[in-house]
Amino acid sequence: MTVFSGGVGSVDLLPVAATIPSSWLHEVFRAADARERATGHPITRLHVGEPYFGPPEGVAAALAHAVLRGHAGYGPVEGLVALREALVAKLATANGIDSAVSRVFATPGSCQGLLALLLALAEPGAELLLPEMHWPVHLQQALLAGYRPVFYPLGPDHRPDPAVVLAAGTPRTRVLVLNSPANPTGAVLGADDLRILVNGARSRGWQVVSDEAYEDYVYTGEHISPAALERDVPVEERVVHSVFSFSKSLAMTGYRLGYVATATERAARVLGVVQEANIIGPATPVQHAGVAAVALRAEAAAGNRDRVRRNRDTALPALVDAGLLPALPDGGWYAVLDVTCTGLDAEVFTDRLLRHRDIAVVPGTGFALRPDLDAVGAVRSIAPAPWSRHLVRIAMCVAPEALAAGVHGLLEFVDECGRTR
Ligand SMILES: Cc1ncc(COP(=O)(O)O)c(C=O)c1O
């Protein structure tokens, strides 16, 4: 049996998931690993958001203790009450969000929480507003959940004009995705812009999905949680659903732990069904590690922010001086470089940088894909927005020496391309 033949060979009959491409992040991941295996050369890995620092001390012990003491059975769909209580307190003090245990879900990574939330909010054929440059997984998830993505433009500083975002909506708009601090651009949205966006979304009957994975990595200004701006709105009229991660703030990438705070009890009930059908519940020992991590959060997150800020301030000014980066990113773990001066398209640049210098970066085109969809939401074709052709993304959360070596090698390579053009 051919699973994806569609019987009559019609592309329209492919399952939607079979038409969604894998992201460039994973392509580069595979290429970097393959090159390291083939050549034995260590690769400078600037392609992936994997921090050089680890979880706070005590987290691994909490995980081990949970397993050794047999705290490893099934738990509630929504997550352990002790963890959700700790998260409600964190949301109140760190984010200004007045959530409740009944509206907080522990999830296996924020990635799964985001998809589950999008599924819980989905309406057939609804439109979802995404920034024109976005984390590729947001687009994959939107398509998997059956949305038709519409892209809102960003200004030269990668921040959207709220009026333009609201104007991009149509009567079919259901969800507005916000991601501040942003991957890949590092843009941080201020309170005034967020207030216009949140109030505008509510008055239009849209839901807001706020991905705050990088909440603790703001170097200029402060992190504002959009849901905090709805504190005075009755709970059942709220529209901001917030998604957070242990991966970035606490460097717990492989633990796979995140959490969602839904805007309303109604949304929480639906999300409960989606999660039951998806995961039954998050891994119990990991949640015990999560309880320990939340207690250590404030100090650990501040230290981690200083580490990445130091990296940014030490290594990235050379990229600004070389004209590849307009300004240091205000937040997040990444910077988007413009390599137009090399005359190379981003994919070619990335490929050659890996082969000639053993440095892995990601083409920016993968953060700006524009799918053409058929009537059922399957991807007929997909191509990058033309303006992304010469952009590449680097990660600045890697070890300082690796970042310095990677930036140095990249600048030498750019110089070489310029001279041989
Ligand atoms: C913007 C954004 N959101 C969410 C995630 C997912 O993080 P996790 O699933 O590890 O919590 C990432 C990971 O890179 C990300 O960049």
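Since the structure is predicted, the reported quantities are computational estimates derived from the model, not experimental observations. Here, residue 1 is the first one in the sequence, and each next residue gets the next number.
Between the side chain of Arg159 and the backbone N or O of Ala187, no donor-acceptor pair lies under 3.5 Å. Remark: side-chain polar atoms of Glu132 are not paired, donor with acceptor, to backbone N or O of Tyr152 under 3.5 angstrom. For the pair Asn179 (side chain) and Asn183 (backbone), a donor-acceptor distance under 3.5 Å is present. Looking at Thr19, its side chain does come within 3.5 Å of a backbone N or O of Val16 through a donor-acceptor pair. Looking only at distances, a side-chain donor or acceptor of Arg84 sits under 3.5 Å from a matching main-chain atom of Val104. Checked by atom type and distance alone, the side chain of Arg35 pairs as donor or acceptor with a backbone atom of Leu354 at under 3.5 Å. Here the side chain of Asp211 pairs a donor or acceptor atom with the backbone of Ala213 at under 3.5 angstrom. Proximity of a side-chain donor or acceptor of Asp330 to a complementary backbone N or O of Val218 within less than 3.5 Å is not detected. Of the possible donor and acceptor atoms, none in the side chain of Thr284 sits under 3.5 Å from a partner among the backbone N and O of Tyr74. A donor-acceptor pair under 3.5 Å is absent between the side-chain atoms of Arg393 and the main chain of Val362, judged by distance alone.
The shortest side-chain heavy-atom distance between Val188 and Ile224 does not fall under the 4.5 Å cut-off. Side chains of Thr264 and Arg103 form no contact here, defined as non-hydrogen atoms less than 4.5 Å apart. Looking at Leu178 and Val209, their side chains never come closer than 4.5 Å, going by heavy atoms from C-beta outward. Side-chain contact between Leu410 and Leu324 is present, with heavy atoms from C-beta onward closer than 4.5 Å. Asp193 has its side chain out of reach of Pro160: every pair of non-hydrogen atoms, C-beta onward, lies at least 4.5 Å apart. In this structure the side chain of Leu129 never reaches within 4.5 angstrom of the side chain of Val177, judged on heavy atoms. The closest side-chain heavy-atom distance from Pro42 to Asp358 is not below 4.5 Å. The shortest distance between side-chain heavy atoms of Thr253 and Phe246 does not fall below 4.5 Å.
The side-chain hydrogen bond (donor to acceptor under 3.5 Å, both in side chains) test applied to Arg30 returns Ser22, Glu27, not counting sequence neighbours.
What you find for Gly406 and Thr44 is that their closest heavy atoms are CA-CG2, 3.8 Å. Minimum heavy-atom separation, Ala346 to Pro363: CB-CB, 3.8 Å. For Leu117 against Leu271, the heavy-atom pair with the smallest separation is N-CD1, 3.8 Å. Nearest heavy-atom pair, Gln275 versus Ala116, reported as atom, atom and distance to 0.1 Å: OE1-CB, 3.1 Å. Ala60 and Tyr255 get closest at one heavy-atom pair: CA-OH, 3.5 Å. For Glu276 against Val77, the heavy-atom pair with the smallest separation is N-CG1, 3.7 Å.
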Legend entry - Working for side chain to side chain contact (heavy atoms under 4.5 Å, CB included), residues Ile20 and Leu144: CA-CA 8 Å; Ile20 300 171; Leu144 279 173; 3.8 Å; yes

Legend entry - Evaluation steps, side chain to side chain contact (heavy atoms under 4.5 Å, CB included), between Val398 and Arg45: CA-CA 8 Å; Val398 300; Arg45 295 171 177 273; 5.5 Å; no

Inset, instruction - Go through Leu139 and Arg370 one step at a time and tell me if the side chain to side chain contact (heavy atoms under 4.5 Å, CB included) criterion holds. - result: CA-CA 9 Å; Leu139 176 60; Arg370 298 289 176 268; over 6 Å; no

Legend entry - Arg202 vs Glu237, salt bridge (Lys or Arg N to Asp or Glu O under 4.0 Å): CA-CA, chis, key distance, verdict: CA-CA 8 Å; Arg202 190 175 339 97; Glu237 292 169 27; over 6 Å; no

Inset, instruction - Test side chain to side chain donor-acceptor pair (under 3.5 Å) on Glu347 and Thr365 and set out the steps. - result: CA-CA 8 Å; Glu347 285 89 354; Thr365 43; 2.8 Å; yes

Inset, instruction - Evaluate the side chain to side chain donor-acceptor pair (under 3.5 Å) criterion for residues Gln207 and His241: first the C-alpha distance (whole Å), next the side-chain angles of each, then the deciding distance (0.1 Å), finally the verdict. - result: CA-CA 8 Å; Gln207 303 294 303; His241 310 267; 2.7 Å; yes

Legend entry - Pair Glu215-Lys248, salt bridge (Lys or Arg N to Asp or Glu O under 4.0 Å): steps then yes or no: CA-CA 9 Å; Glu215 61 174 323; Lys248 317 294 177 183; over 6 Å; no

Inset, instruction - Decide yes or no on side chain to side chain contact (heavy atoms under 4.5 Å, CB included) for Phe349 and Val414, but give the supporting numbers first. - result: CA-CA 9 Å; Phe349 180 93; Val414 167; 3.9 Å; yes

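One finds a salt bridge joining Arg355 and Asp351 here, because a Lys/Arg side-chain nitrogen approaches an Asp/Glu carboxylate oxygen to under 4.0 Å. At a threshold of 4.0 Å, the pair Arg357-Glu412 counts as salt-bridged, since one of the basic side-chain nitrogens sits closer than that to a carboxylate oxygen. Remark: Glu230 does not engage Arg238 in a salt bridge, criterion side-chain N to carboxylate O under 4.0 Å. Of the charged side-chain nitrogens involved, none lies within less than 4.0 Å of a carboxylate oxygen, so that Arg380 and Asp374 do not count as a salt-bridged pair.
Here the CH2 atom belonging to Trp135 is positioned 8.5 Å from the CD atom belonging to Gln140, to the nearest 0.5 angstrom. Taking OH of Tyr214 as the reference point, atom CZ of Arg305 lies at 15.5 Å (rounded to 0.5 Å).
By the neighbour-count criterion of 12 heavy atoms within 6.0 Å, atom CD of Glu236 is densely surrounded, having more than that number from other residues, nucleotides or ligands.
At a cut-off of 3.5 Å, with distance as the only test, no side-chain donor of His390 or Asp338 sits close to an acceptor on the other residue. Side chains of Glu212 and His223: a donor-acceptor N/O pair is present below 3.5 angstrom, by distance only. Side-chain polar atoms of Glu127 and Thr170 form a donor-acceptor pair below 3.5 angstrom. Side-chain contact, Glu265 with Ser102: a donor N or O sits under 3.5 Å from an acceptor N or O.
Annotation: cation-pi pair Lys90/Phe244 present, NZ/CZ under 6.0 Å from the ring centroid and within 45° of its normal.
Using cut-offs of 30° and 60° on the angle between ring planes, the pair Trp333 and Tyr217 is perpendicular.
Residues Phe151 and His134 place their aromatic rings such that the two centres sit under 6.0 Å apart. Taking the six-membered ring where the residue is Trp, the centroids of Phe367 and Tyr334 are separated by 6.0 Å or more. For an aromatic pair to be called close, the ring centres must be under 6.0 Å apart, and Phe29 with His47 satisfies this.
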